[in-house]
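Please read all numbers here as calculations on a predicted model, not as lab measurements.
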Amino acid sequence: MSTTRHELLHAFDLLLAPGRFKDYGPNGLQVEGRTVVRKIVSGVTASRALIEAAIHAEADAIFVHHGLFWRGQDGCVTGWMKQRLGLLLGDDVNLFAYHLPLDAHPELGNNAQLGLQLGLVAHAGSTGRFGEQELGFLGMQESGESFANAKALATHVESVLKRPVTLVDTAHRAIKNVAWCTGGAQGYFEAAIAAGADAFITGEISEPQAHYAREMGVAFLACGHHATERYGAPAVAGHVAAQLGLKHEFIDIDNPA
């Protein structure tokens, strides 16, 4: 089966409602390709490696979290930008990218899907969200039990994500309320503390967060930007592909960051 580029864009926009968000770049169709779409490849970032793999997989469209265009770019099509655009335009492949809307979707987004992977459930209503544009999630284990301490939580996260975690913890107490926000959301740590979190899970750590963790007694876990954002793109693309009768394949390009 197939659909049109316009119908696919409409389906993504209807699901993710990009107009609700103030974002760092354009959401939606970033590079126009062929009109008819039969197969979508999803991935985290529109890197050259992903584009090449998608072309090899005979994709008509690529769906990613990190697209090509960001606020503050100089707009020159040189170097890596020329290479990526050259591949997309040369093979007539569509590129769809959704940043904050993909983080925020309550069931299929990056934060919801990371919680699902980790066995965490957000609290009901507004108490389960925090931070700018309510992107952060706050909840607990599905069982309702606490983690014995932050180290136990970190060990659990490492086993699920299959990568080391950077843990800052001085309180050494039980962890019941867990806050999480994927990717580069270390700036949400103070909001997570204010929301009542015992621990905060995100992708990256910057210099200030170690001090906040030590001084406030709230554990901070940096688990990898890419590693925490592997789940939303395939969930959304797979959902829309099933809805429209299209083929879908997730291609994970490894990234240590």
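Across all their heavy atoms, L120 and I201 have their closest contact at CD1-CD1, 4.3 Å. The minimum heavy-atom distance between A59 and V41, with the atom names listed, is CB-CG2, 3.6 Å. Summarising the geometry of A210 relative to V168, their closest heavy-atom pair is O-CG1, 3.8 Å, with the distance given to 0.1 Å. For I40 against A241, the heavy-atom pair with the smallest separation is CD1-CB, 4.2 Å. The heavy-atom pair separating H65 from W70 by the smallest distance is O-CH2, 4.5 Å. Contact between N110 and G232 at its shortest, heavy atoms only, is OD1-N, 3.0 Å.
Of the possible donor and acceptor atoms, none in the side chain of R214 sits under 3.5 Å from a partner among the backbone N and O of D169. Side-chain atoms of T202 come within 3.5 Å of backbone atoms of G183 as a donor-acceptor pair (strictly under, hydrogens ignored). Listed for the N94 side chain is a donor-acceptor partner under 3.5 Å among the backbone atoms of G33. Not one N or O on the side chain of Q117 forms a donor-acceptor pair closer than 3.5 Å with the backbone of V160. Looking only at distances, no side-chain donor or acceptor of T45 sits under 3.5 Å from a matching main-chain atom of S47.
Follow the hydrophobic side-chain contacts under 4.5 Å out from I62 and you never reach L8; the two are in separate clusters. With hydrophobic clusters built from ILVMFWY side chains whose heavy atoms lie under 4.5 angstrom apart, F63 shares a cluster with V37. Using a 4.5 Å cut-off between side-chain heavy atoms of Ile, Leu, Val, Met, Phe, Trp and Tyr, with links allowed through other members, F69 and V77 fall into the same hydrophobic cluster. Cluster membership check: M81 shares its hydrophobic cluster with I51, using side-chain heavy-atom separations under 4.5 Å among Ile, Leu, Val, Met, Phe, Trp and Tyr. Hydrophobic clustering (side-chain heavy atoms under 4.5 Å, transitive across Ile, Leu, Val, Met, Phe, Trp, Tyr) groups W80 together with L85.
The shortest side-chain heavy-atom distance between M140 and V121 does not fall under the 4.5 Å cut-off. Between L50 and I251, the closest side-chain pair of non-hydrogen atoms falls below 4.5 Å. S2 has its side chain within reach of V36: a pair of non-hydrogen atoms, C-beta onward, lies under 4.5 Å apart. Annotation: side chain of K247 is not in contact with side chain of R38 (no heavy-atom distance under 4.5 Å). In this structure, the side chains of L114 and W180 come closer than 4.5 Å at one or more pairs of heavy atoms. Annotation: side chain of F147 is not in contact with side chain of T155 (no heavy-atom distance under 4.5 Å). The side-chain heavy atoms of L89 and D92, taken from C-beta on, include no pair separated by under 4.5 Å. Between L15 and V236, the closest side-chain pair of non-hydrogen atoms falls below 4.5 Å.
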Test side-chain contact (heavy atoms from CB on, under 4.5 Å) on C223 and V157; report intermediate values, then the result. CA-CA 8 Å; C223 309; V157 174; 3.7 Å; yes
Test side chain to side chain donor-acceptor pair (under 3.5 Å) on E229 and T182; report intermediate values, then the result. CA-CA 6 Å; E229 294 193 327; T182 64; 3.0 Å; yes
Output, in order, the C-alpha distance, side-chain angles, deciding distance and verdict of side-chain contact (heavy atoms from CB on, under 4.5 Å) for L246 and T3. CA-CA 8 Å; L246 307 176; T3 189; 3.7 Å; yes
Report the C-alpha separation of Q186 and I205 in whole Å, then their side-chain angles, then the decisive distance to 0.1 Å, and conclude whether the side-chain contact (heavy atoms from CB on, under 4.5 Å) test is met. CA-CA 6 Å; Q186 60 266 46; I205 185 169; 5.5 Å; no
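One distance of note links CG of L244 with NE2 of H10; it measures 10.0 Å at 0.5 Å rounding. To the nearest 0.5 Å, atom CG of residue L167 and atom CG of residue L221 are 5.0 Å apart.
Applying the side-chain hydrogen bond (donor to acceptor under 3.5 Å, both in side chains) criterion to T228, with sequence neighbours excluded, gives no partner residue. Qualifying salt bridge (Lys or Arg N to Asp or Glu O under 4.0 Å) partners for R20, counting only residues two or more places apart in sequence or in other chains: none. The ring pair (Phe, Tyr, Trp, His ring centres under 6.0 Å) search around H6 returns none, not counting sequence neighbours. The salt bridge (Lys or Arg N to Asp or Glu O under 4.0 Å) search around E249 returns K39, not counting sequence neighbours. Residues satisfying the side-chain hydrogen bond (donor to acceptor under 3.5 Å, both in side chains) test with D13, not counting sequence neighbours, are Y98. Evaluation of the salt bridge (Lys or Arg N to Asp or Glu O under 4.0 Å) rule for D198 yields R173 as partners, not counting sequence neighbours.
Residue pairs meeting the salt bridge (Lys or Arg N to Asp or Glu O under 4.0 Å) criterion with at least one member in residues 49-69, sequence neighbours excluded: R34-D60, R48-E52. Applying the ring-ring contact (aromatic ring centres under 6.0 Å, His included) test to pairs two or more places apart or on separate chains, those with a residue in residues 194-216 are F189-F200, F200-F220. Pairs engaging residues 175-188 under the salt bridge (Lys or Arg N to Asp or Glu O under 4.0 Å) rule: none recorded [sequence neighbours left out]. Sorted by first and then second residue, the ring-ring contact (aromatic ring centres under 6.0 Å, His included) pairs with a member in residues 229-257 form an empty list; sequence neighbours excluded.
For R163 and E158, the salt-bridge test fails: no basic side-chain N is under 4.0 Å from an acidic carboxylate O.
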Would you give me the side-chain donor-acceptor pairs under 3.5 Å for residues 128-137, sequence neighbours excluded?
| from | atom 1 | to | atom 2 | distance (Å) |
| --- | --- | --- | --- | --- |
| R129 | NH1 | E134 | O | 3.2 |
| Q133 | OE1 | K22 | N | 3.1 |
| Q133 | NE2 | K22 | O | 3.0 |

Using distance only, find each side-chain donor-acceptor pair of residues 24-31 under 3.5 Å and give its atom names and separation, not counting sequence neighbours.
| from | atom 1 | to | atom 2 | distance (Å) |
| --- | --- | --- | --- | --- |
| N27 | OD1 | H99 | N | 2.7 |
| N27 | ND2 | D23 | OD2 | 2.9 |
| Q30 | OE1 | L68 | N | 2.8 |
| Q30 | NE2 | P26 | O | 2.8 |

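If you look at F96 and F12, their ring centroids are closer than 6.0 Å.
A side-chain N or O of D252 and one of H226 form a donor-acceptor pair less than 3.5 Å apart. N177 and H123 share a side-chain donor-acceptor pair at under 3.5 Å.
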